[in-house]
Amino acid sequence: MSDTASATADPQGGPGHEDERGTVGPRIQSFRRRAGLSQEAAASRAGISTRALRDIERGRARRPRVHTLRSLAGTLGLSDDELAGLLADARTGPPRDTGLPSLLILGPLVLRRGRTPVPVAGPMLRRLLGLLALKHPEPATQQEITDILWPSGPPRSHPSLIHTYVTQTRRLLGPCGPRSARPPTVVRTPTGYRLEASRNRVDLGHFDELLARAERLHDASDLEARYASLTEALRCWRGPVLADADPVLRRHPAAVAADERRVRAALLHADTALLLRRSGEAVPLLADLVNTEPLHEGLHARLILALAGSGEQAAALQVFTHLRDRLDEELGIEPGTEIRAAHLRVLRPRQPVPRRTAHEAPAHREPAHRTESHPTESHLTEIRRTPADGTAPAGPTPPPAQLPLGARSFVGRRPQMRVLDTLVASDPARRPHIAVVVGAPGVGKTALATHWAHARRDHFPDGQLYVDLRGHSRPPALRPGDVLTQFLRALGAPPHALPAHPPGEDEAAALYRTLLAGKRLLIVLDNARDAEQVRPLLPGARGCAVVVTSRSRLAGLVSSEGARRIALDVLDPDEGRRLLGSIAGSCNVAAEEAAARRLVELCGGLPLAIRIAGANLVARNANIAAHCAELAGAGDGILDRLRIEGDRRSAVRSAFELSYRTLPDEARRMFRLLGQLPGPDLTVDAAAALAGTTPADSAALLARIADAHLVRERAGRFGLDVLLRSYARELIGTDEAHTARRRLMLSRAQGPARRDSGQANCPGSYASSAGSRA
């Protein structure tokens with residue numbers, strides 16, 4: 001990850017953070033970002049190693065040498081005063097905890113004294129402190145304070161109560177260190193009270209300074225410095241202003257204005273990232289903000305361009321579709337000019353850019369003949385000038401390149417890759433047309449499909465189409481007609497040739513097959529619900545290849561379309577360990593090899609679970625053995641640990657839930673009951689005894705669950721993997737579980753319905769009787 005990207009993801013930005021590492025390191029880091037240099041570039045120019053610079057910035061080199069600081073000062077363009085300050089800090093070493101408070105309001109309200117969080121008890125104190133920080137450096141009037149503290153009307157004694165709360169606030173802000181530094185406090189003004197503190201003691205003030213600095217940089221030569229300032233500014237935000245405060249405070253005009261400045265900074269950050277060809281670094285921030293501002297067309301337009309610039313054209317088109325549908329449902333309006341122009345830029349990335357007149361050309365204008373697929377400032381200008389009808393000069397349509405970003409940490413799956421390679425076999429007569437990749441939730445179907453597609457994209461000179469069909473997702477599944485319309489636009493079909501909305505599926509499919517005739521093109525249909533959703537999207541041209549992923553078996557495509565079926569299993573222990581090492585560090589895994597194997601076993605070999613466990617190891621900087629102990633101690637609550645905070649998609653339970661809810665009620669009941677297995681697997685007769693049904697009904701229900709890949713079937717026996725077993729136990733009620741176990745015991749008393757073969761679950765599965773209840 002680049003240094004800038006790392007800074008964007010740092011959750012500890014903002015005022016007060018420098019207290020945790022001294023002052024020399026953070027100041028050098030700030031100067032380097034201001035200069036727009038990476039650690040590698042700054043170290044090289046200063047004649048020191050990158051590791052030395054990293055140690056200085058992280059506070060590991062507490063007193064850097066004078067000649068090192070002078071070299072860095074020359075490289076970073078420091079003034080004499082700035083250099084003198086660095087040298088003074090280096091002579092005295094890192095300061096002790098001064099105890100100066102910092103107020104963080106860009107997110108939940110947090111008060112820190114040095115490194116220590118200070119609890120702010122009581123809603124009145126939190127309201128007053130939040131208002132004073134929000135208004136800083138301006139005073140809050142007596143009436144404002146009264147309205148915030150008592151939204152329903154103040155008591156008669158409210159003037160004396162305000163004085164009491166101000167006194168308590170002063171005590172909270174008082175320092176616990178040396179008195180040489182002037183601490184923040186609350187002072188009386190003619191109209192009310194004011195928080196008296198330096199701007200860098202309040203994260204909103206720090207953000208405003210950085211934003212103002214970025215907005216003063218207009219020239220092309222200042223792009224790197226502008227981007228660095230904006231990146232640091234946006235690091236200050238942990239959520240909406242005063243996210244945990246009362247609504248009356250969150251709706252205060254100063255809070256609304258601060259949120260608007262955040263959006264302004266995000267738009268400028270995204271525009272600058274596009275100009276610097278760092279569109280991928282803007283995507284996480286924009287994706288987070290569009291959830292906060294779901295109808296802001298400017299943010300959506302930048303997100304569309306950033307995704308397209310990162311090679312995720314399919315995701316960019318989905319952003320447009322979701323916004324268009326939401327505007328129609330909630331406001332009854334169509335998308336505006338800016339968002340339609342961004343959509344058009346994705347569909348026609350190489351169309352000619354209108355010439356500017358002389359008075360419109362900026363000082364850093366590029367040559368007029370330059371055209372490129374990546375968004376540039378000229379593209380952004382064009383978005384604002386595109387006519388409302390979305391028309392643009394016609395140009396040659398480039399081949400679609402819609403594959404999403406492939407998994408960076410991909411291991412194993414060599415046999416499956418060889419099967420997929422038959423899609424590009426040299427002998428057309430032996431080359432299959434379709435491959436379906438099926439398996440359980442979280443087993444890595446999409447990762448395999450996209451990894452192979454990127455590796456073999458040279459075999460498809462006419463492009464690659466991709467769509468997430470949302471067959472097992474929270475949003476509704478896509479209709480084939482809507483997908484065909486997307487594909488037709490990507491293939492360059494003129495607007496007048498597109499079927500009317502709602503699209504006529506047969507007409508759209510016929511045009512789709514016509515455009516693909518004689519071409520070699522790859523179509524990836526991800527997350528399919530069933531065969532009926534896929535069939536209209538299959539091309540007629542034999543030169544095209546289709547890869548479908550699904551949690552269902554898609555037996556219909558195998559029988560009627562001749563598809564090659566690839567069933568994915570969980571990873572074996574060595575592959576799971578390599579996957580963990582690719583995320584948490586191979587050296588860390590090698591140092592704790594036994595613990596790493598145990599962690600893979602606890603994750604059931606499921607790639608999604610292993611990735612989440614690895615990400616949590618990195619985020620918490622924990623050792624593998626301790627994390628193993630935490631997961632093992634969770635018992636049936638292990639799924640609570642296998643998730644990434646704040647990311648609903650990165651949770652094993654969510655992946656299982658999407659498949660579980662597609663089952664009919666009786667199949668759901670059978671799945672819940674299977675969590676009560678006393679051993680690794682059971683027969684149809686034992687399942688019938690467990691559920692109190694006939695063997696025929698039990699067989700039908702088990703087949704339905706197996707089709708959804710929520711239960712394993714092998715030689716007439718059915719069993720659950722270890723994580724699915726935990727999930728099933730979560731779902732079942734106490735009475736239902738007790739009744740099922742009683743039925744099973746009564747059945748055994750009358751005659752064993754199941755022969756205990758001692759077999760473990762099928763190869764690659766980590767489920768065992770040791771992990772199940774007796």
Side-chain angles (χ1 to χ4, degrees), residues 438-443 551-553 567-573 576 600-606 609 635-636 638-639 652 656 659-660 663 666-732 736-774:
V438 299
V443 82
R551 299 184 182 188
S552 300
R553 290 179 173 176
L568 282 193
D569 203 344
V570 294
L571 298 175
D572 64 38
V600 171
E601 181 181 353
L602 288 169
C603 292
L606 191 70
D636 284 343
I638 189 173
L639 298 184
V652 174
F656 291 166
S659 290
Y660 171 76
L663 298 175
E666 285 302 312
R668 291 185 190 182
R669 174 176 175 270
M670 176 63 82
F671 174 76
R672 296 193 300 268
L673 296 176
L674 292 178
Q676 305 303 306
L677 290 180
D681 54 19
L682 82 174
T683 62
V684 170
D685 290 338
L690 190 66
T693 62
T694 66
D697 290 341
S698 174
L701 293 174
L702 289 172
R704 180 66 180 83
I705 302 171
D707 184 67
H709 287 94
L710 291 179
V711 67
R712 291 180 172 276
E713 179 183 5
R714 186 186 184 193
R717 306 185 73 84
F718 297 85
L720 294 178
D721 284 346
V722 58
L723 295 181
L724 281 167
R725 184 187 294 261
S726 295
Y727 179 61
R729 287 174 176 164
E730 284 185 0
L731 300 173
I732 198 167
E736 187 179 32
H738 176 74
T739 302
R741 288 195 296 269
R742 183 178 180 185
R743 279 196 300 264
L744 188 59
M745 286 188 292
L746 289 174
S747 173
R748 285 182 170 179
Q750 296 169 359
R754 144 184 210 283
R755 178 176 53 87
D756 188 4
S757 63
Q759 294 175 341
N761 214 349
C762 54
S765 169
Y766 295 85
S768 66
S769 57
S772 56
R773 294 175 177 171

Hey, what do you get for [atom1] ([X]) to [atom2] ([Y]), rounding to the nearest 0.5 Å?
X: T739; Y: Q676; atom1: OG1; atom2: CD; result: 10.5 Å
X: L606; Y: D569; atom1: CG; atom2: CG; result: 10.0 Å
X: I732; Y: R668; atom1: CD1; atom2: CZ; result: 14.5 Å
X: L674; Y: I705; atom1: CG; atom2: CD1; result: 5.5 Å
X: Y660; Y: E730; atom1: OH; atom2: CD; result: 11.5 Å

Begin with the C-alpha distance, continue with both residues' side-chain angles, and end with the deciding distance and a verdict on side chain to side chain contact (heavy atoms under 4.5 Å, CB included) for L702 and E713. CA-CA 9 Å; L702 289 172; E713 179 183 5; over 6 Å; no
What heavy-atom pair brings [X] and [Y] nearest, and what distance separates the two atoms?
X: V570; Y: D721; answer: CG1-OD2, 4.1 Å
X: A740; Y: L673; answer: CB-CD2, 3.5 Å
X: L720; Y: R725; answer: CD1-CA, 3.9 Å
X: L723; Y: L602; answer: CD2-O, 3.7 Å
X: D681; Y: R717; answer: OD1-NE, 3.4 Å
X: L663; Y: A708; answer: CD2-CB, 4.0 Å

Taking [X] for the side chain and [Y] for the main chain, is one N or O donor matched with an acceptor at less than 3.5 Å?
X: R669; Y: A691; answer: yes
X: S698; Y: T693; answer: no
X: R712; Y: G719; answer: no

[X]: what forms a side chain to side chain donor-acceptor pair (under 3.5 Å) with it, not counting sequence neighbours?
X: S659; answer: R551
X: T694; answer: D697
X: R553; answer: none

Return the orientation label for the F671 and Y727 ring planes: parallel under 30°, perpendicular over 60°, tilted otherwise.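 Because their plane-to-plane angle lies in the 30° to 60° range, the rings of F671 and Y727 count as tilted.
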Side chain to side chain, C603 and I638, heavy atoms closer than 4.5 Å: no
